[in-house]
Each structure stands twice: as structure tokens, then as C-alpha cells.
Amino acid sequence: MSQAYLPAEWAPQQAVMLTWPREDGDFAHHFDQVEINFLEIARQISRFEPVWINYCGEPESLRRQLSSSGARLDHIKIHKVASDDVWARDHGPITVVNAQQQLIHLDFCFNGWGGKFDASRDNEISTSLNAIGALPGQIESLDFVLEGGAIEVDGRGTLLTTERCLLAKTRNPAMNREDIEGFLKSRLGLERIHWLKHGDLLGDDTDGHIDTIARFCDEHTIAYQACEDVDDAHYADLQALEQELRALRQSDGRPYRLIPLPLPSAIVDEDGKRLPAGYANFLILNGALLVPVYGVAQDEAALDLLRPLFPAREVIGVNCRPLIQQYGSLHCVTMQIPATAA
């Protein structure tokens with residue numbers, strides 16, 4: 001492992017970043033509902049650690065809303081920066097820790113998931129935050145397209161990802177798999193990469209982000225999005241994903257402990273298009289696990305499966321049905337900033 005490494009999500013955090021929805025943004029038709037969703041996410045996070053919010057509007061107005069929602073205002077920092085959309089997991093910094101326990105915020109290029117959407121303002125968020133002193137530590141801008149939702153690490157040198165996303169020619173077309181693997185190993189402190197070919201939720205427009213399908217719960221355990229209904233359109237692909245995960249080995253040669261999460265009942269948008277609801281898009285906090293729920297029959301079963309995996313954390317369901325109207329969920333709108341001993 002190189003000197004600087006990307007900590008696992010369960011490592012101590014100093015804050016979680018959110019980028020607030022814009023009333024004239026992609027959530028315009030669902031703005032009131034999605035803002036309520038964000039207020040609840042911010043409230044829950046603020047119970048356990050600070051929340052850093054990127055916001056285009058008047059900070060005091062948002063502060064009043066957060067206060068009314070029950071958020072801990074002493075845990076809230078609002079930074080006025082321009083943004084396109086809300087997906088902080090993908091446009092926020094990916095923060096590594098070096099041997100001196102200093103933070104280095106890696107500012108990767110964000111090109112709207114392979115040029116699907118305009119992301120020029122989102123791509124500038126990390127440098128804008130750094131310019132106003134809102135990112136403690138160093139920042140390093142890299143000429144490499146990478147979204148935080150595309151990578152999942154155990155903090156011990158192993159990364160889990162999907163070929164469909166990281167090898168997409170709309171991201172780093174001049175690099176082959178070997179180039180990308182070498183680059184990620186050197187910048188994120190990795191020793192090995194598990195590449196998955198399968199796992200895709202209908203409605204997902206990220207080219208198969210790993211954080212919607214398979215997540216490390218600790219260095220020995222992976223929770224993944226399963227499907228047991230042979231009549232569901234996801235069945236064949238998620239069964240193939242399960243077989244891939246069964247074939248993976250830990251660094252000592254042992255198989256991983258695998259926890260299959262139920263697939264939520266189909267949720268569709270106004271046009272009848274299926275939305276990418278899933279339970280693997282959870283967020284690990286210092287003292288809690290926030291799990292997206294959708295008001296469907298499988299919600300409680302998912303929470304019951306996850307509780308034993310995080311015995312030292314409070315497991316909390318957060319209604320994210322409004323969020324998936326724009327094809328993402330809870331983990332997608334958050335980005336943790338590691339703590340350091342410095």
C-alpha cells in the first residue's frame with residue numbers, strides 16, 4: 001500500500017458533505033418533496049457528526065429550515081458555492097490520508113457520468129470550496145475522470161468496482177484497464193482491485209456504480225443487491241452478480257461473508273420507467289448507519305439484515321422515495337470527509 005490511502009467508510013469521519021437541491025434544477029418538479037428528504041438526511045447526520053452543505057442560495061434561509069427540521073445547528077456549516085445537481089458522492093472530493101495523517105482531497109474530473117449531463121459547475125465545487133478555505137488539508141486536481149460512487153474500498157488495500165463504469169470509453173478513453181488499475185492503485189493506496197462484470201439496476205444512469213449494488217460492511221463482509229423473483233427483469237443479472245461475489249477472495253484466500261439484500265418492489269416514475277431503488281446505497285456514519293427506504297414491503301427486512309452487521313451503530317431508515325425520481329439515493333447525495341489524528 002502506498003503512503004496515502006483511501007480509508008473505508010466506517011473509519012472515523014470529521015464530516016459529511018451534501019450539495020443542496022436547486023429549485024430550478026433537475027428536481028424542479030419534485031422540489032418540495034426532495035427538500036424535505038434532504039432536511040431529514042441532514043438532521044440525521046447532524047445527530048452524529050458535522051454536515052457541510054454546498055448551497056447556491058441565501059445561507060440564513062437554509063439555516064432556518066434546518067433548525068425547524070430539528071437538525072443540530074452547531075453541527076452545520078453552509079458554504080455558498082455554485083452547483084448543477086445534488087450528487088456529492090460523484091462531484092465531491094475523494095479524500096485520502098497520508099503517512100503524516102494529513103488529508104489530501106483528490107479533485108478528480110467529473111464529466112456528468114460520461115457526458116450525459118452538463119456538470120461544469122459541479123466539476124468546480126472542490127476547487128471552489130478550497131478557495132474559500134472550506135476544505136481543511138491539501139487539494140490535488142487530477143486529469144482523470146472518477147466518481148466516488150464508482151469505487152468501494154475496505155481501507156486495507158482492496159477496491160471493488162464495475163468494469164462497465166470504470167472502463168467506459170466516455171470517461172478515460174486513452175487508458176486501458178491496466179492503465180486505470182495502475183493509476184488507481186497509486187493514488188488510492190491499493191494493492192488489488194476486484195472487477196465485477198454484472199450488477200445493474202434499471203433506471204441507473206451512472207453506467208453501473210458499485211454503491212448501488214455491492215458494499216463492504218467490514219473488510220470481511222459484502223452486502224449486495226440480490227433478486228429472488230425469477231419474473232423480475234433484474235433476476236438474471238443479479239444472480240450473475242451473486243456468483244461473481246462468491247468467487248471473490250479476501251487477501252488471505254478466504255471467501256467473503258455475503259449478505260443478500262432484498263430488491264424493493266418496482267417503483268416507477270410518471271412515464272412508467274422503473275426507478276433504481278435499492279438498499280445497498282446506505283451511508284455509514286460515526287455512530288449510525290443510514291439506510292434508504294422506499295415505503296415498500298421489503299424495507300423492514302433490509303433493515304433487519306443490516307442491523308447485525310453494524311452492532312455499534314444505530315441503524316436508521318430514511319425515506320428516499322423522492323430522491324430516486326432522479327435515479328439516485330442516499331449514498332449518492334453524500335460524501336464523507338475522513339478524520340485524522342493531526
Less than 4.0 angstrom from a charged side-chain N to a carboxylate O is my criterion; do [X] and [Y] meet it?
X      : Y      : answer
Glu60  : Arg63  : yes
Asp154 : Arg156 : no
Lys185 : Glu181 : yes
Asp205 : Lys116 : no

- [ ] Under the salt bridge (charged side-chain N to carboxylate O under 4.0 Å, His left out) rule, collect the residues that match up with Glu40, sequence neighbours excluded.
- [x] Arg43
- [ ] Provide the closest heavy-atom pair for Leu201 versus Pro276 in the form atom of the first, atom of the second, distance.
- [x] CD1-O, 3.8 Å
Task: Residue that, paired with Trp20, satisfies ring-ring contact (aromatic ring centres under 6.0 Å, His included) out of Phe38, Trp52, Trp87 - done: Phe38
- [ ] Can you measure from CD (Gln138) to CD (Gln102) and round to the nearest 0.5 angstrom?
- [x] 5.5 Å
Open item on the list: As an exercise, state the distance from CG of Asp211 to CG of Leu160, rounded to the nearest 0.5 Å.
Closed with: 11.0 Å
- [ ] Determine, step by step, whether Arg121 and Ser83 satisfy the side chain to side chain donor-acceptor pair (under 3.5 Å) criterion, reporting the C-alpha distance in whole Å, the side-chain angles of both residues, the deciding distance to 0.1 Å, and the verdict.
- [x] CA-CA 5 Å; Arg121 286 178 288 195; Ser83 64; over 6 Å; no
Task: Check: His194 ring centre within less than 6.0 Å of Phe216 ring centre - done: no
Open item on the list: Using the side-chain hydrogen bond (donor to acceptor under 3.5 Å, both in side chains) definition, which of the options His331, Glu147, Arg164 pairs with His209?
Closed with: Glu147
Would you please say whether a donor-acceptor pair under 3.5 Å links the side chains of [X] and [Y]?
X     : Y     : answer
Arg72 : Ser46 : no
His91 : Thr19 : yes
Glu35 : Gln65 : yes

Open item on the list: Would you say NE2 of His220 has more than 12 non-hydrogen atoms from neighbouring residues, nucleotides or ligands within 6.0 angstrom?
Closed with: yes
Under 3.5 Å, sequence neighbours excluded: what are the donor-acceptor pairs made by side chains of residues 318-327?
from   : atom 1 : to     : atom 2 : distance (Å)
Asn319 : OD1    : Arg321 : N      : 3.1
Arg321 : NH1    : Tyr294 : O      : 2.9
Gln326 : NE2    : Asp26  : O      : 3.0

Task: Residues clustered with Val230, ILVMFWY side-chain links under 4.5 angstrom - done: Tyr235
- [ ] Look at the aromatic rings of Phe144 and Phe183 and report parallel, tilted or perpendicular, splitting at 30° and 60°.
- [x] parallel
